[in-house]
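Working notes, structure below.
Below, chains carry the letters A, B, ... as their sequence lines are ordered, and counting in each starts from 1. If you're wondering where the values come from, they're calculated on a predicted model, not measured in any experiment.
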Amino acid sequence: MKIRLLFLLMMFFIAACTQGVKPGEETAGGTAGSGTAGSSATQGGVQIGKLSSGVSTAGTALEGKTVSYEKNAINDPGNVLSIRTIYFAFDSSEISDVDVEVLKHHGKYLSLNSGASLRLEGHTDERGSREYNVALADRRAQAVKKLLLFQGAASDQITIISYGEEKPAAFGHDESAWKLNRRVELVYE
Amino acid sequence: MKSILLSGRSRDAAIAVAQVQIMKIRLVAMLFFFLASPVHAVLKVEITEGVEGATPIAVIPFQWTGASKRPDADISAIIASDLRRSGRFAPVAEQDLLARPQQPSDIHYKTWRVAGIDHIVIGGVEFLGENSYKIEFRLFNVYRGEQVLGYSFNATAGTLRTMAHQISDLIFEHLTGLPGAFNSRIAYVTSRRVNGQPEYRLQVADTDGYNPQTLLTSSEPIMSPTWSPDGSTLAYVSFETGKSVIFTHRILTGERKTVAEHSGINGAPSFSPDGKYLAMTLSKNGNPDIYILSLENDSLRRMTTHWSIDTEPAWMPDGGSIVFTSSRSGKPQLYELSLKSGGAPRRLTFDGNYNASPTVSMNGETIGFVHHADNSYKIAVLFTETRLMQVLTDGPLDESPDFAPNGSMIIFASQHGGNAVLAAVSTDGRHHQRLVLSDGEVREPSWAPTRY
């Protein structure tokens, strides 16, 4: 899993560099060959391959969301930063391509707003050992934190709390509820 | 009873500040509680599977001598209920009793022999005045036609149930050779919503669900209650300060101590058999590992260093090794770490891709745990000598197993009708029962080692 994450981050770095990302307002995922990991393009002789997750990196979640990093951006429901929940597959702390993109923006925001602080709350679904789930949820939050740090957030801007399965968002006993509980929530303080 | 209201540190408006109430159990207060209100079980026990193979026994309603009003505690009913719940005895239903001898001379052995009943219990409760009672019981072997056990006790109204459980333990031990586990307590966590807000409680009750006492009420989660070997103290995890913290809590005085408040996870406390150490899970050094805290001098010793998840320590009875859950082979499995010889932990479970939450029987011969198979989480036991495994329950969401102190039963958390309940299974898997909370969800049971 560590190698895959590293590869992912490398692709980001390469994509961002070759795109010359401009600060200020732009529509996330909208510009052609935009700085999203996974777009296939040849830039300056470098072939950037699409990451194999099967998830469209245009990401319906990101369409139409504005991107900006000024201080109040976190209060704007139309901003990409309004996406505050990262979801996970069962027994996994791997982050989807779409969510990697979302976290890139949060990380950027934190790096540009040194006074901002973020609490990551890790959760799992109800299945299995409660204490093991506290550890698993912590893993998820740590994975999110790593991505944020890579974007330039400072470590002391981020705190992590793991709740394991203790604070579900949905109360059913099947996958429709479980998938809503396997999450990390981003809480700006 | 004294109440302390603590408030957590101030936070974001979106997060509720934890309201915490700590209660102290005073024996005097308990006495008044008994006299003032009808005794009822908040946790109701339901026998879910039959007692095939259980030994028939007749517990005759005890004779009552004294003031006109009988006490609420029905001694013979408590004894019959205890014996039934053990899974090893099938007490005859009261309405089916062939006779009701009150004195040894009343017993007509032939009647009972013909009915196939091996043993009879008779007894009496006498009111001596001024909240003082005398309880007497006798156990008779029908085939030998003689008394094999008999004791008398002094009790107060407040200790009648305790005495009844002690009698159950004496009968159980005489007939099975195993110590009884009826005169004991269970701790557990309840969860419900009050005005749309979550309310968590740490409670302690008798093993039959009676006399629940609340030790802690909080708007933030409580986890992993566990008893000290002398039954005086509970350790548990509370999120009341905004993160996981391990506390110890003396039952009789209500005195609480913070024993682990490191950065990251503080979880899965477990007392050593000599009571001097607390094993726990801490992630302060990067990822969840097993640590041992000395309760005498606060020194902390790190026991695992693998980058995987290592959690849920459970001590072997000689204090020489710890069984724990580790994901070092990819998925959670049980491992054993020797405290004497060091060296890498030894893997114990090889069946299936998820084995976690170990509980060790008092004699160290059996490990109860959660085993995932057929898309279900079930309770299973591993015999340490033969390394054989036996699945005891069906799941689908069974968790948090804990051995009874005599090793004959495992109490655990389960689901029934969409609600979280407690359940117990005999270690041979034959006898099942359920403990249903009247209001809310109940989970994470821990069976006290002794009655103090």
Residue Ala268(B) versus chain A: region with a heavy atom under 4.5 Å | both
Smallest heavy-atom separation, Pro225(B) atom then Glu444(B) atom, equals CG-O, 3.3 Å
Kindly write out the residues that satisfy salt bridge (Lys or Arg N to Asp or Glu O under 4.0 Å) with Asp310(B), not counting sequence neighbours, or none if the list is empty.
-> Arg328(B)
State which residues pass salt bridge (Lys or Arg N to Asp or Glu O under 4.0 Å) with Glu199(B); sequence neighbours excluded, sorted by chain then number.
-> Arg192(B), Arg201(B)
Intermediate values then yes/no, ring-ring contact (aromatic ring centres under 6.0 Å, His included), Tyr163(A) and Phe239(B) = CA-CA 9 Å; Tyr163(A) 288 109; Phe239(B) 283 78; 5.3 Å; yes
Turns out that what part of Pro332(B) lies under 4.5 Å from chain A's heavy atoms comes down to both
Within-4.5 Å side-chain heavy-atom neighbours: Trp227(B) and Leu234(B) | yes
Contact listing (chain B partner; residues 125-132 of chain A; heavy atom under 4.5 Å) = Glu126(A), Arg127(A), Gly128(A), Ser129(A), Arg130(A), Glu131(A), Tyr132(A)
In terms of heavy-atom proximity below 4.5 Å to chain A, should Ile265(B) be classed as side chain, backbone, both, or neither?
-> side chain
By a 4.5 Å heavy-atom criterion (distance strictly below it), what part of Thr281(B) contacts chain A: side chain, backbone, both, or neither?
-> neither
Per-residue contact mode, Ser244(B) against chain A (heavy atom under 4.5 angstrom) = neither
Could you tell me whether the side chains of His371(B) and Tyr354(B) share a donor-acceptor contact shorter than 3.5 Å?
-> no
Compute the ring centroids of His262(B) and Tyr291(B), then answer whether they are less than 6.0 Å apart.
-> no
Give the table of side-chain donor-acceptor pairs shorter than 3.5 Å for residues 110-118 of chain A, with sequence neighbours excluded, one pair per line with atom names and distance.
from, atom 1, to, atom 2, distance (Å)
Ser111(A), OG, Lys108(A), O, 2.8
Asn113(A), ND2, Tyr69(A), O, 2.9
Asn113(A), ND2, Tyr109(A), O, 2.9

